[in-house]
Amino acid sequence: MCCECCGETQRKSWVFGIGSVFVVLGILLVVLWPNLADNLVESGLKLEPGTDTYDSWLEAPIPIYLKFYMFNWTNPQDIRNPNIKPHFNEMGPYVFLEKHKKENYTFFDNATVAYYERRTWFFDEEQSNGTLHDMITAAHAITATVADEMRHSKKIVKKIVNFMLNHEGGTLYTTKPVHEWIFDGYQDDLTDFLNLFNTSKIHIPYTRFGWLADRNGSLEYDGLFTIHTGTDDISNMGRLTHWNGKGETGFYKMPCGIVNGTTGDLFPPKMNVLDEITIFATDACRFMNLRPQGTMEMYGLTATRWVGTEETLDSGENYPNQACFCDPRMEECPKTGVVECKECRDKAPIYSSFPHFYLADKSYLNAVSGLSPDKAKHEFVMAVEPTTGVPVQVHGRIQINMMLEPDDDYDIYRGIQKVLMPMFWFDQYAQLSPELASRAKLAINLSDYGVYFGIACIVFGGLFLVTGIALTVTKRWVRRPVDDEDILTN
C-alpha cells in the first residue's frame with residue numbers, strides 16, 4: 001500500500017481501524033483471559049488421561065530417596081541396671097532410590113480412580129554413609145511381640161510361653177546386618193517355630209523378619225487406594241475416599257479410623273495457605289494433620305511449608321480430639337508425640353514418633369542416651385506451591401520405636417527397664433526439578449501473561465488513536481503543497 005496515494009479518508013480508516021482493533025483486543029484479553037487461563041490450567045491439572053498430571057501420577061517424574069538411619073544399641077547387657085540408660089549410636093544414612101509406579105488402575109464414572117502402587121528401592125552406595133553389611137544390635141522384635149501379646153494371659157499359659165521363649169530362640173536382642181534389618185529379612189529360630197506351631201494365639205504372618213521384608217517391588221503391600229480425580233470438582237483432586245475398599249481403616253475408633261487426606265503426591269490447586277493439610281500414612285495406618293508454617297523459595301517458586309506439630313502425633317493428652325488414636329484396651333495411652341501402631345503392625349509393640357523424639361514428651365528422650373532432637377534434621381515437612389498444588393520439597397520423617405516392658409513371668413524380661421526403644425527412622429525425600437518448576441511457573445503466570453499482553457495491545461492501539469485524533473485536530477492528515485513551499489523558503 002502506498003500511503004502517499006491514500007486520501008484522507010483512507011488514512012483515517014487505517015489509523016483508527018488498527019487502533020480500535022488493538023484496543024478492543026486488549027480489553028477482551030484483560031477481561032476474559034484470566035478466567036480462560038484458569039480453565040486451561042485447571043483442565044491440565046485434573047487427573048485424567050492426556051494431562052501432565054496423569055503422566056506424573058503414573059510414574060514419579062523426579063527421583064525420590066528413602067534415607068534409613070538405624071539405631072545401634074551399644075549396651076544391652078545393662079538393661080537391668082536402673083542407673084544406666086540404654087545407649088544408641090545412630091548409623092547411616094543408608095540411602096535407597098525409590099521408584100513409584102501406579103498399576104492396575106480403574107477410572108470410575110463418579111470421578112474416582114482405584115489403583116495399586118508398586119514401590120521399588122535400589123541401594124545408592126555413593127549417597128550412603130556405610131554399607132548394607134554394617135552390623136546393628138537392636139531389641140528382638142519377635143520375642144517382644146510374643147511377650148506383649150501374651151502379657152495378660154493366665155499364669156499357666158505364660159509359663160508355657162516362657163518355656164518356649166527360653167528353648168526355641170527367644171532373646172532380648174539380636175545383631176544382624178543392615179540389609180537383613182531392612183529389606184531382606186533374617187532367618188529366626190523363634191519365627192520358624194511359631195510358623196511350625198501355627199497357633200491362632202500368636203500370629204506371625206511372615207517367615208523372615210525385616211522392617212520392610214517382602215515389600216520391595218510388591219504391588220499389593222501398600223494396599224488398594226481410591227482417590228478423587230478432580231474431573232467433577234478440582235478441589236477434591238487427590239483426596240482419598242477408600243483404602244483397601246473401605247472408608248475406615250479398622251485400626252482406630254472413629255473418627256480417627258476414617259480414611260482421610262491425600263497420599264502426598266497429589267494436591268488440588270488454589271490451596272488455602274491458612275488451612276491444615278492431611279496426609280494418609282500407610283505405615284501408621286492413619287492420617288496425619290500438618291500445619292502451615294512459613295514459606296520457602298525454590299527455582300523461582302514460593303511454596304508454603306506444612307509441618308508436623310505437637311498435635312500431629314498426640315493421642316489425646318494435649319489435644320482431646322485425638323484421643324480416639326489411643327486403644328481403650330491399653331493400660332495407659334502414649335504421652336504426646338508418640339502413637340501406638342500395634343494393630344497396624346501385626347500386633348508388634350510398635351510406636352511411631354518424629355525422629356529422635358522431636359516434639360515428644362521429654363520422658364521418652366530422658367529414658368535413653370545418644371539421641372538429640374533437631375528441628376532442622378527431624379521435622380516432618382511438606383512444601384507445596386499452593387496455586388498449582390505442586391509439591392516442591394518433601395521430607396517425610398518418621399521414627400519407629402518398640403516398647404520393652406518388664407514382666408516377671410518371662411525370664412528374658414524379668415527386671416528390665418521399661419523403655420521405648422528407638423529402632424530406626426527414615427526420611428522420604430523428594431524435590432521438584434528445575435524443568436517441572438518452570439512448567440509450574442508458566443501455569444502460575446499464564447493469567448498475568450495474557451493480561452500484560454492485553455495492556456500492551458491497549459497501549460499500542462491507544463497510540464494509534466491518539467495519533468489519529470492529533471492529526472484530525474491539526475488537520476494534518478494530508479500534506480498541502482503550501483507546507484512544502486514554506487519548508488523550502490525557510
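Since the structure is predicted, the reported quantities are computational estimates derived from the model, not experimental observations. Index from 1, following the sequence.
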Taking the side chain from [X] and the backbone from [Y], do they hold a donor-acceptor pair closer than 3.5 Å?
X	Y	answer
Asp124	Gln127	yes
Gln322	Glu311	yes
Thr262	Ile279	no
Asp408	Arg414	no
Asn236	His228	no
Lys102	Trp57	yes

Look at the rings of Phe107 and Tyr105 and say which category their plane angle falls in: under 30° parallel, 30 to 60° tilted, over 60° perpendicular.
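Perpendicular.
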Fit a plane to each ring of Phe209 and Trp211, take the angle between them on a 0 to 90° scale, and name the class: parallel (under 30°), tilted (30 to 60°) or perpendicular (over 60°).
perpendicular
Begin from the C-alpha positions of Asn401 and Gln399 and carry the test side chain to side chain donor-acceptor pair (under 3.5 Å) through to its verdict.
CA-CA 6 Å; Asn401 314 280; Gln399 178 171 299; 2.6 Å; yes
Partners passing ring pair (Phe, Tyr, Trp, His ring centres under 6.0 Å) against Tyr429 (at least two apart in sequence or in another chain):
His395
Over 12 non-hydrogen atoms of neighbours within 6.0 angstrom of NZ in Lys347
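Count not over threshold, so no.
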More than 12 non-hydrogen atoms from neighbouring residues, nucleotides or ligands closer than 6.0 Å to NZ on Lys441, yes or no?
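More than 12 heavy atoms, drawn from other residues, nucleotides or ligands, come within 6.0 Å of this atom.
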Run the side chain to side chain contact (heavy atoms under 4.5 Å, CB included) check on Ile398 and Phe424 step by step: do they pass?
CA-CA 9 Å; Ile398 292 292; Phe424 70 92; over 6 Å; no
Please walk me through it: do Ile258 and Tyr252 pass side chain to side chain contact (heavy atoms under 4.5 Å, CB included)?
CA-CA 8 Å; Ile258 192 171; Tyr252 301 100; over 6 Å; no
Working to the nearest 0.5 angstrom, can you tell me the gap between [X] [atom1] and [Y] [atom2]?
X	Y	atom1	atom2	result
Thr175	Ile136	OG1	CD1	9.0 Å
Arg215	Thr120	CZ	OG1	11.5 Å
Cys344	Ile350	SG	CD1	10.5 Å

Think Arg397 forms a cation-pi with Phe426, using NZ or CZ under 6.0 Å from the six-ring centre and within 45 degrees of its axis?
no
Over-ring placement of Lys158 relative to Tyr410, 6.0 Å and 45° cut-offs:
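So Lys158 does make the cation-pi contact.
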side-chain contact (heavy atoms from CB on, under 4.5 Å) with His378: which of Trp425, Tyr69, Phe357?
Trp425
Run through Asn244, Thr282, Val113 and flag the one making a side-chain contact (heavy atoms from CB on, under 4.5 Å) with Phe225.
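With Phe225 as partner, side-chain contact (heavy atoms from CB on, under 4.5 Å) holds for just one option, Thr282.
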With ring centroids as reference points, do His179 and Phe183 lie under 6.0 angstrom apart?
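No, ring centres 6.0 Å or more apart.
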Distance-only side-chain donor-acceptor flag, [X] / [Y], under 3.5 Å:
X	Y	result
Thr388	Glu385	yes
Asn129	Tyr94	no
Glu168	Asn166	no
Thr231	Thr229	yes

Quick one: does Arg151's side chain get under 4.5 Å of Asp407's, heavy atoms only?
yes
For a side chain to side chain contact (heavy atoms under 4.5 Å, CB included) check, start with the C-alpha distance between Phe380 and Thr312, then their side-chain angles and the critical distance, and finish with the verdict.
CA-CA 10 Å; Phe380 191 112; Thr312 304; over 6 Å; no
Any chance you could lay out the side chain to side chain contact (heavy atoms under 4.5 Å, CB included) test for Tyr65 and Gln428, step after step, and finish with the verdict?
CA-CA 6 Å; Tyr65 292 97; Gln428 189 178 42; over 6 Å; no
State whether the SG distance for the cysteine pair Cys326/Cys333 is less than 2.5 Å.
yes
Would you mind telling me which of Glu103, His100, Glu220 makes a side-chain hydrogen bond (donor to acceptor under 3.5 Å, both in side chains) with Arg118?
Glu103
Begin with the C-alpha distance, continue with both residues' side-chain angles, and end with the deciding distance and a verdict on side chain to side chain donor-acceptor pair (under 3.5 Å) for Asn289 and Thr278.
CA-CA 4 Å; Asn289 294 322; Thr278 302; 2.8 Å; yes
